[in-house]
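Let me begin by presenting the structure, written as structure tokens, before commenting on it.
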There are 2 protein chains.
Amino acid sequence: MDDEGPTRLRRDAEANRQRILTAARRLFSETGLAVSHNDVARAAEVGVGTVYRRFPRKEDLLLALFEDQVEQVVRLAETAGARADPWRGLYVFLEAMLQMQADDRGLHEYLLGSQAPSLAGRATERISPVVAELLARAKELGQVRADVEVADVALVPVLVGAVLDRTRGVAPDQWRRVLALVMDGFRPPAEGSLPGQPLDPAQLEQVFTSWKGRSA
Amino acid sequence: MDDEGPTRLRRDAEANRQRILTAARRLFSETGLAVSHNDVARAAEVGVGTVYRRFPRKEDLLLALFEDQVEQVVRLAETAGARADPWRGLYVFLEAMLQMQADDRGLHEYLLGSQAPSLAGRATERISPVVAELLARAKELGQVRADVEVADVALVPVLVGAVLDRTRGVAPDQWRRVLALVMDGFRPPAEGSLPGQPLDPAQLEQVFTSWKGRSA
DNA sequence: GCAGAAGTGGACGAGCTGCTCCGGTTCACC
DNA sequence: GGTGAACCGGAGCAGCTCGTCCACTTCTGC
């Protein structure tokens, strides 16, 4: 049962497809998502037309590239969810996820501001319940203050990611320090309670979807 | 003693200069620094040439616009530094500064990733000692954990600013919640001590200077 | 080994942005 | 109110990026 979708590619075409994917993976990882079809073509030593033919929209390329990485993040969450110590689970999950983002700039931008909500969105759906469960257990054990919610945890990669972006070339490990600092904010005892409300799921989705980046 | 630098502007020219500044202030405030000379010209109902003549580089425009705002931030710090309660001083300063950034997108981007390091840089030089003093006093009183440094405080606007950017249209006050959460991470008792080192001044400068933004 | 289907690549046009330049206008001074 | 310097506006040019298109090449099935 050799599942090949619609009409298998000719041998040379398939080879080119692979070259494109390999080159694109490297480029995205090193320089982020702001890579044009032309850049990919040059890096893959292939005509622009070839890249456009195989991946008409950039989204197609992203999907092909990040599918398993996103899956890996989901598995990270699931592993963390199985830990006996929920605090440790939360921490280790966030740390491992951020490590992946530190290693791959493309993934980082993809996860935090996907133009292709489909993939990252579905991942969120699978991760959220795990984090929710960890959080609930952690609260019961008094490991986490009572007034934080899943939405607050979801913002941690945004917070730490901002530092990650800016310290990448300067102090590549600074994000670990910041993560530790931020996570300590989740610990009891809280000084009074947090102002405002956590984001609701719809808002959270907007935060991760409608973000187009900006010069800054 | 009417100090006018080199050769006063003709009346109509000065009027146009003001229209340009007014329009630019509005544009930057609403949409951030990614505003072209053409945009400014259109908004000011003035020819592009006029804008270029008066402000050849965008930096000239930014300087003219943000000088007093940055000065205001510095005064914010100085006021905070005079407070009896150092923790309160720190908190109020960061909150007020972030409020300004929430109100003015241009200022936000300018402060956090200035292409014109001159202005923001000099501001930092004046703010740092004040924050350092507050921090020292707060530590003495046991209000702040011992292992945080000024550089860690300097990253708070980066952290919270990332949330600010993304929640601006969705939940404009969410940054307050996040600020509260982050600040609680600065409180004792710390769970163990923070990993890694705080950034040194040179690194910190790079963090705020060399940042060019990215699609994400 | 041949036919034609599948695939290739990069020249090129369309569209956009940043900036200049100069014919015409307005102001300030006499 | 006349003169020349200062100033204005926006047409238009240069430079760039994106995506198409088609003459040519390569592969596959017979």
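Lettering of chains follows the sequences in order, A, B, ..., and the numbering in each one begins at 1.
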Exercise. Does OP1 or OP2 of C:dG18 have a side-chain N or O of B:S36 closer than 4.0 Å?
Worked result: yes
Seminar exercise, completed: Rounded to whole Å, the NZ-P distance (B:K58 to C:dT17) equals 13 Å
Exercise. Does A:T167 use its side chain to pair, donor to acceptor, with the backbone of A:V170 at less than 3.5 Å?
Worked result: no
For this session: Please name the residue in the list A:M100, A:M97, A:E67 that meets the side-chain contact (heavy atoms from CB on, under 4.5 Å) test with A:Q72.
Result: A:M100
Problem set entry | Among D:dC27, C:dG7, D:dC7, the one nearest A:R11 by side-chain distance | D:dC27
Seminar exercise, completed: Whole-Å distance, B:L9 CG to D:dA5 C1', equals 14 Å
Exercise. Where each residue is assigned the nucleotide of DNA chain D containing its nearest heavy atom, which of B:G47 and A:D39 is assigned the position nearer the 5′ end?
Worked result: B:G47
Exercise. Just checking, is any N or O donor in the side chain of B:R166 or B:Q174 under 3.5 Å from an acceptor N or O on the other one?
Worked result: no
Problem set entry | Residues A:E30 and A:R105 bridged, charged N to O under 4.0 Å | no
Problem set entry | Spacing between A:R8 atom CZ and C:dA5 atom C1', to the nearest angstrom | 17 Å
Exercise. With nearest nucleotides of DNA chain D determined for B:N16 and B:N38 from heavy-atom distances, which residue corresponds to the more 5′ nucleotide?
Worked result: B:N16
Problem set entry | Nearest-angstrom distance from the residue atom NE2 of B:H37 to C1' of D:dA11 | 19 Å
Seminar exercise, completed: Looking only at D:dC18, C:dA6, D:dG9, the nucleotide nearest the A:R10 side chain is C:dA6
Exercise. For the pair made of CG in B:L61 and P in C:dC19, what is the distance, rounded to whole Å?
Worked result: 12 Å
For this session: Report the distance from atom CZ of A:R42 to atom P of D:dC18, rounded to the nearest whole Å.
Result: 10 Å
Problem set entry | Euclidean distance, atom CZ of residue B:R17 to atom P of D:dG9 [Å, nearest integer] | 16 Å
For this session: Just call it for B:R54: base, sugar-phosphate, or nothing, with non-hydrogen atoms closer than 4.0 Å on any strand.
Result: sugar-phosphate
Seminar exercise, completed: A:D12 atom CG is separated from D:dC27 atom C1', nearest whole Å, by 6 Å
Problem set entry | A:E45 vs B:P56, nearer the 5' end of DNA chain C by closest nucleotide | A:E45
Exercise. Looking at D:dG19, C:dC27, C:dC19, which one has an atom nearest to any side-chain atom of A:Y52?
Worked result: D:dG19
For this session: Could you please name the option among D:dC27, C:dG9, D:dG19 that lies closest to any side-chain atom of A:R53?
Result: C:dG9
Exercise. Does B:R168 make a cation-pi contact with B:W175 (under 6.0 Å, within 45 degrees of the axis)?
Worked result: no
